[in-house]
Structure formats: structure tokens, C-alpha cells
Amino acid sequence: MHNILKFDFSNIKGDFFGGLTAGIVALPLALAFGAQTPLGAMAGLYGAIVIGILAALFGGTPTQISGPTAPMTVVSTAVISSAILEAGVSTVEEALPFILATFFLAGLIEAVFGILRLGRYIRYIPYPVVSGFMSGIGVIIIITQLFPALGYNPSADEVLVEQLMPHAEEQILEGILRQEESEGLLSGVMSKEDLDETSRRAQAITPQEIRAEAKRLAAREASGTVGTINNLHRPFSNPGLINGFNLGLTLLTIIIIFGFKRITTTVPSSLAALLVLTPLACFLLPGQVPVIGAVESGLPPIHLGFFSVYADMGMLGTILQFAITLAALGALDSLLTSVVADNITKTKHDSDQELIGQGLGNMGAALFAGLPGAGATMRTVINAQSGGKTKISGAIAGLFLLAVLLGLGPVVAYIPNAVLAGILIAVGIGIIDYKGLRHLRSVPRSDALIMVSVLLLTVFVDLLVAVAAGMILAALLFMKKIADVVEHKMNSAPLHAFAPEVPWNDEAPHIGKLGDSVYIRHFDGPIFFGFVDRFQEIMQALPGIRVVVMRMERVPYMDQSGLYAMDDAIRSLREEGIVVAFSGLQDQPLLMLERINVIPGLINESYIFKDFESCLCWLKPYLEQEKLGDLAEEQDRQP
């Protein structure tokens with residue numbers, strides 16, 4: 001714990017500006033994510049503050065900026081809706097103990113993941129699973145923001161409300177029965193008095209109560225991906241339900257977000273949209289577009305009453321199910337962002353410590369009724385690019401949001417929902433993995449099948465089911481590939497030769513000549529996503545390396561995970577001025593590298609050798625004349 005809370009002030013200026021910039025970017029996103037849930041916009045801000053500070057202080061990724069994210073918000077919304085149903089109540093306030101108990105337990109489970117040292121296994125999640133999952137999240141966000149963008153309010157759709165009136169009455173009657181059961185009136189044989197009491201309560205239901213329940217059901221009916229798609233025709237069948245000003249603001253928001261960054265990146269484009277369009281709507285369109293509305297100012301109250309929910313054994317199973325889903329998603333989301341941070345900063349994060357920090361952050365957020373969150377990729381990248389290098393930057397981002405909460409709470413009430421919808425649609429557009437989708441026809445069919453399956457399951461079924469199904473499908477297809485390789489004897493290397501740093505037989509006579517400037521990377525079998533980490537460790541341990549030779553003679557097959565891992569590794573090496581060459585590329589890996597233009601886009605064909613002897617003949621003159629440094633310039637000049 002002493003090392004965890006040790007601060008490095010050597011980069012305080014960079015950390016300050018990095019954290020401040022990331023905090024500015026996080027403000028509109030936190031409000032938008034909060035507004036997407038029934039808890040409201042301020043729940044997003046509360047979560048961003050608490051998770052941002054705690055995860056930075058106790059996490060394992062120095063430049064990580066944490067807070068509500070798109071995937072976590074999507075799942076949290078589903079958890080809140082399910083909590084209202086499971087608790088048998090009609091409002092968020094009544095279900096709040098159930099909701100916060102779920103959020104708190106999710107954070108605890110995530111911290112336990114770190115204590116059990118499960119963070120290291122993130123590298124084994126295949127790329128198609130991650131790609132399909134993230135693209136699915138992007139699609140969900142875009143679809144679920146269509147109604148807010150159109151200004152369509154299902155509760156104000158009288159046709160829909162009328163259709164749901166009978167169901168609303170049934171819901172109220174079920175609520176009466178549940179209440180009587182909790183009071184013990186339904187235990188055993190009901191007496192005439194009990195029946196009379198039930199009848200009296202049923203007759204006391206007013207038309208206004210039924211209509212209010214029908215409006216809540218309408219909002220629920222048209223929520224989520226499936227609900228939005230099923231009811232998408234409604235606003236267009238009655239144009240009066242579409243708010244033209246609202247739609248215009250949403251489109252303007254998206255235009256500013258994507259257009260402003262072409263002008264300057266000094267001010268985050270989402271913040272620019274918020275600052276420009278909020279006053280515009282306030283003064284030119286007063287009362288014409290829905291806004292966030294009155295919010296609490298100052299510090300939120302601490303909620304401790306939800307701990308009593310854990311004593312309800314009937315609800316504990318449901319809470320645990322939701323909590324595991326959130327914890328697993330938060331761990332995946334955070335560690336993927338940590339990998340991105342490593343690639344930018346050329347450092348190595350501590351996966352297990354990061355999970356502990358994220359878990360503590362989510363537990364803390366639950367105490368203040370904040371949304372759960374995870375490591376946020378865009379905010380983390382912005383922090384690193386703006387000078388942030390240590391955990392101080394993450395804490396500064398959280399403290400900035402806290403200052404906003406204490407001073408600008410009343411201003412937040414005037415932010416139009418349309419602007420937040422535009423920000424979220426832009427986030428959804430940006431989170432889709434276009435690289436993976438673009439290469440669907442180029443990568444192996446099995447990888448394409450996994451990616452599309454995970455994407456569809458994410459959008460239309462369940463996020464955790466999607467990831468689990470993708471992992472199972474990937475494992476089954478991987479075993480089939482290996483079985484095919486063995487069956488066709490495409491890999492004849494004995495097991496004892498699988499040692500990446502041990503020279504192969506044909507290298508032994510030349511090791512002394514190569515010295516420490518040439519690193520030979522052996523691949524024995526399929527290439528995995530996690531091998532990029534190994535390259536980073538090698539580059540740090542052996543700073544004198546000038547040439548890396550990829551020996552691919554024993555690689556009969558390369559899937560999408562290996563393909564993109566190789567792409568990332570080569571880009572990282574070339575950025576360091578290190579020459580990359582291949583020897584013994586077989587047909588399938590060569591075809592994969594050509595399809596996404598690694599060859600010749602990154603590595604010219606002149607650096608592809610049919611065998612190791614040919615590669616040595618190429619290297620020999622440069623070694624003898626000690627001109628390995630010239631190789632990097634030559635490779636840079638290659639078309």
C-alpha cells in the first residue's frame with residue numbers, strides 16, 4: 001500500500017495539464033452517460049468524480065482516466081430497469097437500494113478479481129471477440145439515442161399509452177397482491193375479510209394512477225435496442241411527435257464534434273459543442289427543447305441504507321448475477337484501455353492492481369449513488385497526449401470535475417438533452433471498430449464469424465452472453481485449427497524447441513556475430529494477441545537493438561488476433577527506428593499480412609526472405625561494416 005500511494009511529482013506540470021484536459025473532455029460525457037440512465041445526468045458526474053480519483057490513486061495504470069463509459073452505461077441502464085422489475089416497484093427512488101447494492105457488489109467483485117490475480121488473462125481474449133463487442137456497444141448507443149435525438153417521448157405518445165392501459169391496470173393489481181403478501185395477508189387460506197380488503201384496494205385505483213402507470217410502461221416499452229427498433233415507426237407515423245428543433249440541435253452537435261477537431265484539438269470538440277449550443281438553445285429556443293432540468297448542487301449525500309438489501313436472500317441471487325456482469329465488463333473495459341495506454345506511453349501496467357483500483361472506485365461511487373465506470377480509452381489517450389504520465393493526472397481530472405460540481409451545478413440544468421444525445425451518438429460512431437469490419441472479407445472466415453456473432457449478440461441479446469459465446473466459439477474454432485495443422489503435419493517442430501529465446505540449430509554458429517544489435521524472434525505455431533507485451537519488455541531490456549528478424553518458418557496459420565498483434569508490434573518497432581525483417585513466411589500468414597497492407601505498406605517485399613540463410617546474407621555486410629544504423633534509414637525510404 002505504501003508504494004501504491006507514493007506520488008511522483010517530477011512531471012507535475014504535464015500531469016496537471018493532462019489531467020485538466022482529460023477532465024474537461026470527461027464533463028460532457030459524464031453528464032451524457034448519466035442522462036442515458038434513469039438515475040439522471042448528475043449520477044454520471046458523481047461516478048466520474050469518485051471513480052476518477054480512487055481508480056487513479058489505487059490503480060495500476062499511471063495514465064488511466066476512469067469514469068462512466070459507454071459499455072458500463074449500457075449495462076447499468078439494463079440493471080436499473082431490471083432492478084425496478086425485480087423489486088416490484090414503479091420508481092427509481094424505490095429501487096435505489098437494490099441498484100446501489102448491485103453497483104457496490106460489482107466493485108467488490110472487481111477488486112477480488114485483482115486480488116486473485118486474474119487481470120493477466122486479458123491478453124487471451126481474441127481480437128474478434130473484443131472487436132465485435134465494442135462495435136456492438138457502439139451500435140447500441142446509436143440506436144438508443146435515436147428517440148432522444150428526434151425529441152420523441154414515448155410517455156407522450158397517446159396511442160401507445162392507450163394500448164398499454166389494460167396492462168398498466170394488471171401491473172397495479174399485481175403490485176397490490178405483492179404488497180398484501182409482504183403484509184402476510186396472502187399466507188394460507190384467505191378469509192372473507194382478506195378478500196374484501198383486496199377488493200377494496202382494487203376499487204380504489206383511479207384512472208389517473210392507471211394512466212401514470214401506462215406512461216411508465218410506454219417509456220419502458222420503447223427503451224433499449226429492441227424496444228427502439230420495434231417502435232421506431234411511431235414518431236414518423238405521427239409527425240407531431242418529432243421535435244424539429246431537438247433534431248436540429250442533435251445534428252449540429254454531431255457536426256461540431258467531428259468538424260471542430262479539424263480546426264483545433266486544443267479545446268475538446270464535445271466540450272465546444274456543449275458550450276456553443278447550450279446558450280443557443282437557452283436564449284433562442286426557450287422551452288422549445290427538453291433540458292436536463294433541476295439538479296442537486298453541492299456534494300451528494302452518502303447512501304448506506306442499501307447494505308440491508310444483502311440480508312434479503314431472495315434478492316441476493318439476482319443482485320449477484322447483475323454484479324458479476326458489471327464486474328466482468330468493467331474489468332474487460334479497463335484492461336483493454338490499459339493496453340492502449342501501454343502502447344502510447346511504452347510502459348507496462350499492473351493488471352491486477354488496476355482491477356483493485358477500479359473495484360474500489362466503483363464501490364465508492366455506489367456510496368454516492370454514482371454510475372459505475374471503468375478505464376476510459378479516449379480520456380486516457382488525451383491525458384497521455386497532453387503530458388500526463390503519473391497517477392496524479394487522473395486525480396487532477398477527478399478534482400476538476402469535483403470543482404465543477406461545487407460551482408456549476410445550477411448551470412447543468414439548462415443543458416439540452418439533444419446535445420447530450422449528439423455527444424453520445426458521436427461516441428457510438430467512434431467506438432465502432434471500422435478496421436475490423438473493413439477486413440471482414442480478408443480475415444479467416446472463423447474470425448469473421450466470431451466478430452459478427454458477438455456483435456449481434458451484444459446488440460440484441462446480452463453483453464456478457466455475447467462475450468462468453470464469443471470466447472467459447474473462438475476456443476472451439478481454435479482447437480479445430482490446431483487439429484487441422486497437426487493432421488496435415490504442417491508443424492513438425494518438436495515440443496522441446498518451443499523456447500522463444502533459445503537459438504535454433506541454424507542460428508548457433510552466427511549468434512556471436514550478431515551481438516546485441518540483432519534480435520531474432522522465433523514463432524512456433526499460431527501467433528497470439530498477447531505477444532506484443534513481450535516485445536515491449538524486450539525493447540526496454542535491450543535498448544541497443546537495431547534489427548528484429550521475425551522467423552516465421554513454423555507459423556502455418558495466423559488468425560485476426562495474431563494479424564493485428566503483428567501489425568501493432570511492427571508499428572511500435574518502426575516508431576523506435578528498429579528495422580523489421582521476415583524469414584520463412586508461409587503462404588497463409590503472408591496472404592493475411594498482404595490483405596491488410598502490412599506488406600508492403602509497412603514492410604517492403606525486399607525485407608521478406610525465403611529462409612534464414614538468405615536473411616543472414618543480407619545482414620552480413622552491414623554487420624561487418626557496423627552500419628546497422630543505416631538500415632533504418634533505408635527502410636524508411638522504401639516506398
Side-chain angles (χ1 to χ4, degrees), residues 25-48 51 67-84 92 95-96 99 102-103 134 136-155 216 219-229 231-232 246 249-250 253-254 257 270 273-274 289-293 295 322 325-326 329-330 333 362 365 369-374 376 378-379 401 412-413 415-432 458-459 463:
V25 174
L27 175 60
L29 291 174
L31 294 171
F33 288 138
Q36 190 179 354
T37 73
L39 289 179
M42 296 306 290
L45 187 56
Y46 298 155
I51 301 170
T69 63
M72 292 294 281
T73 302
V74 170
V75 176
S76 297
T77 303
V79 167
I80 294 167
S81 300
S82 299
I84 294 173
V92 175
L96 193 60
I99 296 167
T102 304
F103 291 169
M134 297 308 292
I137 291 294
V139 172
I140 289 175
I141 292 173
I142 293 170
I143 291 175
T144 54
Q145 290 307 303
L146 291 178
F147 285 162
L150 293 169
Y152 170 69
N153 181 4
S155 300
R216 281 193 289 268
R220 191 180 303 163
E221 176 84 11
S223 65
T225 309
V226 176
T228 301
I229 293 174
N231 293 277
L232 192 56
N246 200 87
L249 274 179
T250 301
T253 302
I254 297 172
I257 288 175
S270 58
L274 195 69
V289 293
V291 296
I292 290 178
V295 296
F322 291 145
T325 301
L326 274 171
L329 179 59
D333 203 3
N362 282 316
L371 278 185
M378 183 174 70
R379 282 158 269 177
L401 294 176
V412 171
I415 296 176
N417 292 335
V419 174
L420 298 182
I423 291 172
L424 285 173
I425 290 173
V427 170
I429 293 172
I431 206 174
I432 293 175
T458 299
V459 174
L463 289 90

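Hydrogens, waters and symmetry mates are skipped; everything else that's a heavy atom, side chains included, is used.
- Nearest heavy atom pair, residue Gly330 against residue Ala374, reads O-CB, 3.7 Å.
- Rounding to the nearest 0.5 Å places CG of Leu329 at 6.5 Å from OG1 of Thr69.
- Between Thr250 and Ala418 the shortest heavy-atom distance is OG1-O, 3.2 Å.
- Distance check: Phe322 CZ to Ile80 CD1 gives 11.0 Å after rounding to the nearest 0.5 Å.
- Separation of atoms CG (Leu29) and CG (Leu274) is listed at 10.0 Å; rounding is to 0.5 Å.
- With contacts defined as side-chain heavy-atom distances shorter than 4.5 Å, the pair Asn362/Phe103 does not qualify.
- With contacts defined as side-chain heavy-atom distances shorter than 4.5 Å, the pair Val79/Thr325 does not qualify.
- When all heavy atoms are compared, the tightest approach of Ile51 to Leu371 is CD1-O, 3.4 Å.
- Taking CG from Leu424 and CD from Gln145, the interatomic distance works out to 4.5 Å, rounded to the nearest 0.5 Å.
- Counting heavy atoms from C-beta outward, Pro148 and Asn417 have side chains that stay 4.5 Å or more apart.
- For the atom pair CG (Leu146) and CG (Leu232), the distance works out to 6.0 Å, reported to the nearest 0.5 Å.
- The shortest distance between side-chain heavy atoms of Tyr46 and Leu39 does not fall below 4.5 Å.
- Listed here is the closest heavy atom pair of Arg379 and Ala26: CD-CB, 3.6 Å.
- Across all their heavy atoms, Ile141 and Ala70 have their closest contact at CD1-CB, 3.0 Å.
- Using a 4.5 Å cut-off on side-chain heavy atoms (C-beta onward), Leu45 and Leu27 make contact.
- Looking at heavy atoms from C-beta onward, Leu326 lies in side-chain contact with Ser76 at the 4.5 angstrom threshold.
- Nearest approach of Asn246 to Ala149, heavy atoms of both residues: ND2-O, 3.0 Å.
- Residues Phe147 and Asn153 are not in side-chain contact: their nearest non-hydrogen atoms beyond the backbone lie 4.5 Å or more apart.
- Side-chain contact between Arg220 and Ile84 is present, with at least one heavy-atom pair separated by less than 4.5 Å.
- Atom CD1 of residue Ile423 and atom CD1 of residue Ile415 lie 8.0 Å apart, to the nearest 0.5 angstrom.
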